[in-house]
Q: 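Okay, here's the structure, questions in a sec.
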Amino acid sequence: MAEKITSRAVDYSQWYIDIVLNAKLADYSPVKGCMVVRPRGYAIWERIQAEYDRRFKETGHQNAYFPLLIPMSFLKKEAEHVEGFAPELAVVTHGGGEELEEPLVIRPTSETIIWSKYKDWIQSWRDLPLLYNQWCSVLRWEKRTRLFLRTAEFLWQEGHTAHETEKDAVEETMRMLDVYREVAERHLCLPVIAGRKSDAEKFAGAVATYCIEAMMQDRKALQAGTSHFLGQNFGKAFEVQFQTRDGGLDYAWATSWGLSTRLIGAIIMTHSDDKGLVLPPSLAQEQAVIVPIYKTDTKSAVLDYAARMEASLKDAGIRVVTDTDDTSSPGWKFAEWEMRGVPVRIEAGPRDMEAGKAVLVRRDTGEKTVIAASEAAVRVRELLDAIQKNLYERAKAFRLANTRDVSDYEEMKAFYGKAGEENEGTATARGGFARALWCGSRECEAKLKAETKVTLRCMPLDDQDHIEGKCALCGSPAKFRAIFARNY
RNA sequence: CGGGACGUUGCCUAGCGGCUAAGGCGCCAGCUUUGGGAGCUGGAUAUCGGCGGUUCAAAUCCGCCCGUCCCGACCA
């Protein structure tokens, strides 16, 4: 049979699409730009949701649900906000066969409708903070879409909080950014850089936008989550005033923060290989698969042997399945489960059975180990932990190996190479993260973007010490240290 | 939204004015097999992306539209 998955070295985009489709994570829909999330993809999303949701609750947030449809006039109340989102709005103009008095937009994000209600719910400093989150889908009419990475409709989570003071809101912004970072790193095995966006890249309506940025295997950056400090912009736009402790009046301070099914794309592009999906054990629907190998005369004995092993793994809390399908060969099954990203494969045939053994194969490295069946649960658990750790470490090492300090514009251009190079669009294309000083001017950023497609991803929070020297783009005195990259 | 490539069965492809649209993979049934994508036999599956036009005759030529992918602009 022909290779199902295009090699990363040939066409990185096609490789990505091949993985999504062949691993049955998602499929195209009849409506352009939309996506069907299939059960294997949705299962990943459910595990991501569960982990983040738990952390949201631990940090004091409650889930709520606000409507899909928002009056057009609400969007217009915050000038920057509407300007930023207007080009990608879908608008409902008719209902029940009649034209509506006021058009309704399908939410591209919910700040406006939520703050319209916060006005009703906040009268006193005693009503604050309000710490709400919602899991929902939003719609942005994207011109160019890609499964999981950028679809018109996408599933996400959006937190919207209101606070008594600027300090509280800023703390909340940073707290949630840190929740994003920690879960991404520990749970999704995505090493990320937490930083602040430049004004050019910040959210429409925010005072400051913070993000976590990850590096994909083609060395491009992917924004994996954002946390915004919104100041009093929405408090003022929606007249959310409250009585302060000292008897005065003030507008509520706001934050919002979101992450989406795009994370699934990030996981795929960070960990997977030319054989298919590679999943962190904590996210995998099946953490281990047992492939029994038998001839007709050994079939029932081998199946018994496999069943006992399966039971012991289940008792140990490991998500395991046994592939007892008689119509496909072991080789087929190996390839199929590799494509699906199952972290550990257990092969059990007559030879193993006689010796009381089994063969463990780890998905991330392909390494095979022979173990005693009696200690299968312990050894699989160890291996799952090792894979979880290795995926993170491997991705982090890759990022470090592809991050370079850049001190001037020539060096920057040399790092990224010229457009149209023959390996462009493949995993071997040039570039990566450039760590460089920056003067803070919007013109510098715009010039770099226009000439190289490289953008300022973020100013890392933990890397702003000893800013001495010149902007790597224009040579004037530097104010920040930033990470630059091409991005998704 | 601009430039490019491509739409033929579930998937990949052949056919490029003329008979019942061909092959591989997959799928179904049966037999046989099983340590890296097995074999044999039989079987089902196509309004050739859609609409319109040219023609005695259209998958094939022309026009418009739709969709997917890539590049650009825009963006999570």
Side-chain angles (χ1 to χ4, degrees), chain A residues 1-6 11-18 21-22 27-35 84-89 108-109 138-158 197 200-204 209 211-214 221-228 256-263 265-266 275-276 291-299 302 323-339 345-353 357-359 361 366 368 370 419-420 424-426 449-450 453 455 457 487-488:
Chain A
M1 185 199 240
E3 285 293 312
K4 278 189 167 178
I5 296 178
T6 305
D11 185 339
Y12 193 77
S13 290
Q14 191 59 49
W15 166 80
Y16 174 78
I17 301 286
D18 288 349
L21 296 178
N22 284 310
D27 206 345
Y28 297 106
S29 87
V31 177
K32 182 184 173 120
C34 293
M35 156 176 80
F85 281 103
E88 49 193 36
L89 293 179
T109 179
V138 288
L139 188 71
R140 300 178 186 177
W141 212 261
E142 296 290 346
K143 304 288 185 198
R144 190 174 166 195
T145 58
R146 236 196 242 258
L147 295 171
F148 288 120
L149 296 177
R150 173 166 289 110
T151 45
E153 182 191 13
F154 57 93
L155 297 169
W156 81 341
Q157 148 286 305
E158 50 181 326
K197 286 287 188 193
E201 300 275 341
K202 80 174 163 56
F203 176 76
T209 288
C211 63
I212 51 173
E213 292 279 336
L222 184 86
Q223 180 175 303
T226 48
S227 184
H228 313 291
S256 71
W257 26 276
L259 51 77
S260 73
T261 36
R262 174 179 249 204
L263 278 174
K275 290 179 175 177
V291 179
I293 299 156
Y294 46 77
K295 298 189 198 309
T296 309
D297 58 336
T298 51
K299 179 174 174 179
V302 169
D323 188 346
T324 56
D325 182 3
D326 257 354
T327 61
S328 53
S329 68
W332 172 274
K333 292 175 183 176
F334 297 166
E336 188 62 24
W337 289 104
E338 279 166 355
M339 172 118 70
R345 180 174 76 239
I346 304 164
E347 303 174 9
R351 290 204 301 266
D352 306 301
M353 184 174 63
K357 309 262 185 193
V359 179
V361 187
K368 295 190 178 189
V370 178
E424 202 174 78
T426 75
K449 185 176 181 183
K453 294 194 291 183
T455 55
R457 300 321 307 152
N487 72 303
Y488 278 95

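All figures in this text were calculated on a predicted structure; none of them were measured in a lab. Below, chain A is the first sequence line, B the second, and so on; all start at residue 1.
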Q: Among G35(B), G37(B), U34(B), which nucleotide sits nearest the side chain of Y294(A)?
A: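 So the side chain of Y294(A) is nearest to U34(B).
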Q: What is the separation between atom CD on E142(A) and atom P on C74(B), rounded to the nearest whole Å?
A: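 In whole Å, C74(B) P lies 13 Å from E142(A) CD.
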Q: What integer distance in Å separates W337(A):CH2 from G35(B):C1'?
A: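 Taking atom C1' of G35(B) as the reference, CH2 of W337(A) is at 18 Å.
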Q: Between the protein and nucleotides 38-40 of chain B, are there any N/O to N/O pairs under 3.5 Å, and if so, what are the atom names and distances?
A:
residue: A38(B); atom: OP1; partner: S329(A); partner atom: OG; Å: 3.3
residue: A38(B); atom: OP2; partner: S329(A); partner atom: OG; Å: 2.8

Q: List in chain and number order the residues that pass ring-ring contact (aromatic ring centres under 6.0 Å, His included) with F85(A), two or more places apart in sequence or in another chain; answer none if no residue qualifies.
A: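 F85(A) satisfies ring-ring contact (aromatic ring centres under 6.0 Å, His included) with H81(A), F203(A) only.
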Q: Given P108(A), which of L139(A), V138(A), L89(A) fulfils the side-chain contact (heavy atoms from CB on, under 4.5 Å) condition?
A: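 Checked L139(A), V138(A), L89(A) against P108(A); only one passes side-chain contact (heavy atoms from CB on, under 4.5 Å): L89(A).
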Q: What distance, rounded to whole Å, do you find between the two P atoms, one in A46(B) and one in U9(B)?
A: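 About 10 Å, rounded to a whole number of Å.
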Q: With P as the reference atom in both, quote the distance from G4(B) to G26(B) in angstrom, rounded to an integer.
A: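 That atom pair is separated by 38 Å.
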Q: With heavy atoms under 4.0 Å as the rule, sort E347(A) into base, sugar-phosphate or nothing.
A: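 Base contact.
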Q: Using heavy-atom distances to pick each residue's nearest nucleotide on RNA chain B, tell me which of Y28(A) and F148(A) is more 5'.
A: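 Per heavy-atom nearest nucleotide, the more 5' residue is Y28(A).
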Q: Measuring only the P atom in each nucleotide, how far is A57(B) from C1(B)? A whole number of Å is fine.
A: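 Result for the P pair: 36 Å, nearest Å.
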Q: Rounded to whole Å, how long is the line connecting atom CG of D11(A) with atom P of U68(B)?
A: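 D11(A) atom CG is separated from U68(B) atom P by 18 Å.
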Q: Can you find a pair of side-chain heavy atoms, one from T151(A) and one from E153(A), that are under 4.5 Å apart?
A: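 No. Closest side-chain heavy atoms not under 4.5 Å.
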Q: Ignoring backbone atoms, establish whether K295(A) has a side-chain N or O less than 4.0 Å from OP1 or OP2 of U34(B).
A: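 K295(A) to U34(B) OP1/OP2: side-chain N or O found under 4.0 Å.
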Q: Should I212(A) and Q223(A) be marked as a side-chain contact (heavy atoms from CB on, under 4.5 Å) after you check the CA-CA gap, both sets of side-chain angles, and the distance that decides it?
A: CA-CA 6 Å; I212(A) 51 173; Q223(A) 180 175 303; over 6 Å; no
Q: Taking the C1' atom in each of G43(B) and C70(B), what is the distance between them to the nearest angstrom?
A: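 Approximately 40 Å lies between the C1' atom of G43(B) and that of C70(B).
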Q: Under the salt bridge (charged side-chain N to carboxylate O under 4.0 Å, His left out) rule, collect the residues that match up with R345(A), sequence neighbours excluded.
A: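 Partners of R345(A) by the salt bridge (charged side-chain N to carboxylate O under 4.0 Å, His left out) criterion, ordered by chain and then number, come out as E338(A), E347(A).
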Q: Would you classify T455(A) as touching base, sugar-phosphate or nothing, given that sugar-phosphate means primed atoms plus P, OP1 and OP2, and contacts are heavy atoms under 4.0 Å?
A: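 The residue T455(A) makes no contact with any strand.
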Q: Under 4.0 Å between any heavy atoms, over every strand shown, what does G366(A) touch: base, sugar-phosphate, or nothing? Just pick one.
A: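 Counting heavy atoms under 4.0 Å across all strands, no contact is made by G366(A).
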Q: Would you give the length of the straight line joining atom CG of L259(A) to atom OG of S227(A), rounded to the nearest 0.5 angstrom?
A: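 L259(A) CG to S227(A) OG: 10.0 Å, rounded to 0.5 Å.
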Q: Any donor-acceptor pair, under 3.5 Å, between the side chain of E338(A) and the base of G37(B), if you only look at N and O atoms?
A: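 No.
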Q: Nearest of G36(B), G37(B), C74(B) to any side-chain atom of K449(A)?
A: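 For K449(A), the side-chain atoms sit closest to C74(B).
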Q: Using atom C1' in both nucleotides, what's the gap between C75(B) and C6(B) to the nearest angstrom?
A: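 Here C75(B) and C6(B) have their C1' atoms 26 Å from each other.
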Q: Just to be sure I understand the rule, does V359(A) reach a base, reach only the sugar-phosphate, or reach nothing, if contact means heavy atoms closer than 4.0 Å?
A: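 If one applies the 4.0 Å heavy-atom cut-off, V359(A) turns out to touch a base.
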Q: For A221(A), enumerate each residue passing the side-chain contact (heavy atoms from CB on, under 4.5 Å) test, keeping only those at least two apart in sequence or located in another chain.
A: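 If we apply the side-chain contact (heavy atoms from CB on, under 4.5 Å) test to A221(A), skipping adjacent residues, the hits are E213(A), F433(A), R457(A), A485(A), N487(A).
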Q: What integer distance in Å separates F85(A):CZ from C75(B):P?
A: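 In whole Å, C75(B) P and F85(A) CZ are 11 Å from each other.
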Q: Can you name the residues that form a salt bridge (charged side-chain N to carboxylate O under 4.0 Å, His left out) with E336(A), not counting sequence neighbours?
A: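 Checked E336(A) against salt bridge (charged side-chain N to carboxylate O under 4.0 Å, His left out); matches are R340(A).
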Q: Does R345(A) reach a base, just sugar-phosphate, or nothing at all? Heavy atoms under 4.0 Å.
A: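 Since a base atom lies under 4.0 Å of R345(A), the category is base.
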Q: Over all strands shown, is P87(A) touching base, sugar-phosphate only, or nothing at heavy-atom distances under 4.0 angstrom?
A: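 P87(A): no heavy atom of the nucleic acid under 4.0 Å.
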Q: Nearest whole Å is fine: how far is C75(B) P from Y488(A) OH?
A: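 Whole-Å distance recorded here is 18 Å.
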Q: Could you tell me the separation between the NZ atom of K197(A) and the OG1 atom of T209(A), rounded to the nearest 0.5 Å?
A: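 Reported value, rounded in 0.5 Å steps: 8.5 Å.
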Q: Regarding L149(A), tell me which of base, sugar-phosphate or nothing describes its non-hydrogen contacts under 4.0 Å with the strands shown.
A: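 Since a base atom lies under 4.0 Å of L149(A), the category is base.
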Q: Under 4.0 Å, heavy atoms only, any strand: does K197(A) hit a base, just the sugar-phosphate, or nothing?
A: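 No contact.
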Q: Can you give me the dot-bracket string for RNA chain B, 5' to 3', counting Watson-Crick and G-U wobble pairs with both distances under 3.5 Å, using [ ] for crossing pairs and | for partners on another strand?
A: ((((((((.[[[[.)..(...]]]].(((((.......))))).....[[[[[..)....]]]]])))))))....
Q: Tell me every residue that passes salt bridge (charged side-chain N to carboxylate O under 4.0 Å, His left out) with D323(A), counting only those two or more places apart in sequence or in another chain.
A: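 K333(A).
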Q: If you measure from the C1' atom in G49(B) to the same atom in A29(B), how many Å do you get, rounded?
A: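 Here G49(B) and A29(B) have their C1' atoms 33 Å from each other.
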Q: Under the rule for side-chain hydrogen bond (donor to acceptor under 3.5 Å, both in side chains), what residues qualify as partners of S256(A), not counting sequence neighbours?
A: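 Listed in chain order: E111(A).
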Q: When the P atoms of G24(B) and A14(B) are compared, how many Å lie between them, rounded to an integer?
A: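 Per the computed distance, 16 Å lies between those P atoms.
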Q: How many whole angstroms separate atom CG of N22(A) from atom P of C12(B)?
A: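 Value for this atom pair: 11 Å.
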Q: For E142(A), which residues count as a salt bridge (charged side-chain N to carboxylate O under 4.0 Å, His left out) partner, sequence neighbours excluded?
A: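 Partners of E142(A) under the salt bridge (charged side-chain N to carboxylate O under 4.0 Å, His left out) test: R150(A).
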Q: Can you measure I17(A) atom CD1 to C6(B) atom P for me and round it to whole angstrom units?
A: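 After rounding, the gap between these two atoms is 19 Å.
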Q: Can you tell me, in whole Å, how much space there is between the P of C48(B) and that of A58(B)?
A: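 Comparing P positions in C48(B) and A58(B) gives a spacing of 12 Å.
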Q: To the nearest angstrom, how far is I5(A) atom CD1 from G36(B) atom P?
A: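 After rounding, the gap between these two atoms is 20 Å.
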Q: C1(B), OP1 or OP2 - any side-chain N/O from R144(A) closer than 4.0 Å?
A: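 Result: no.
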Q: Which sits closer to the 5' end of RNA chain B, A450(A) or K333(A), going by the nucleotide each is nearest to?
A: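 On the 5' side of the pair lies K333(A).
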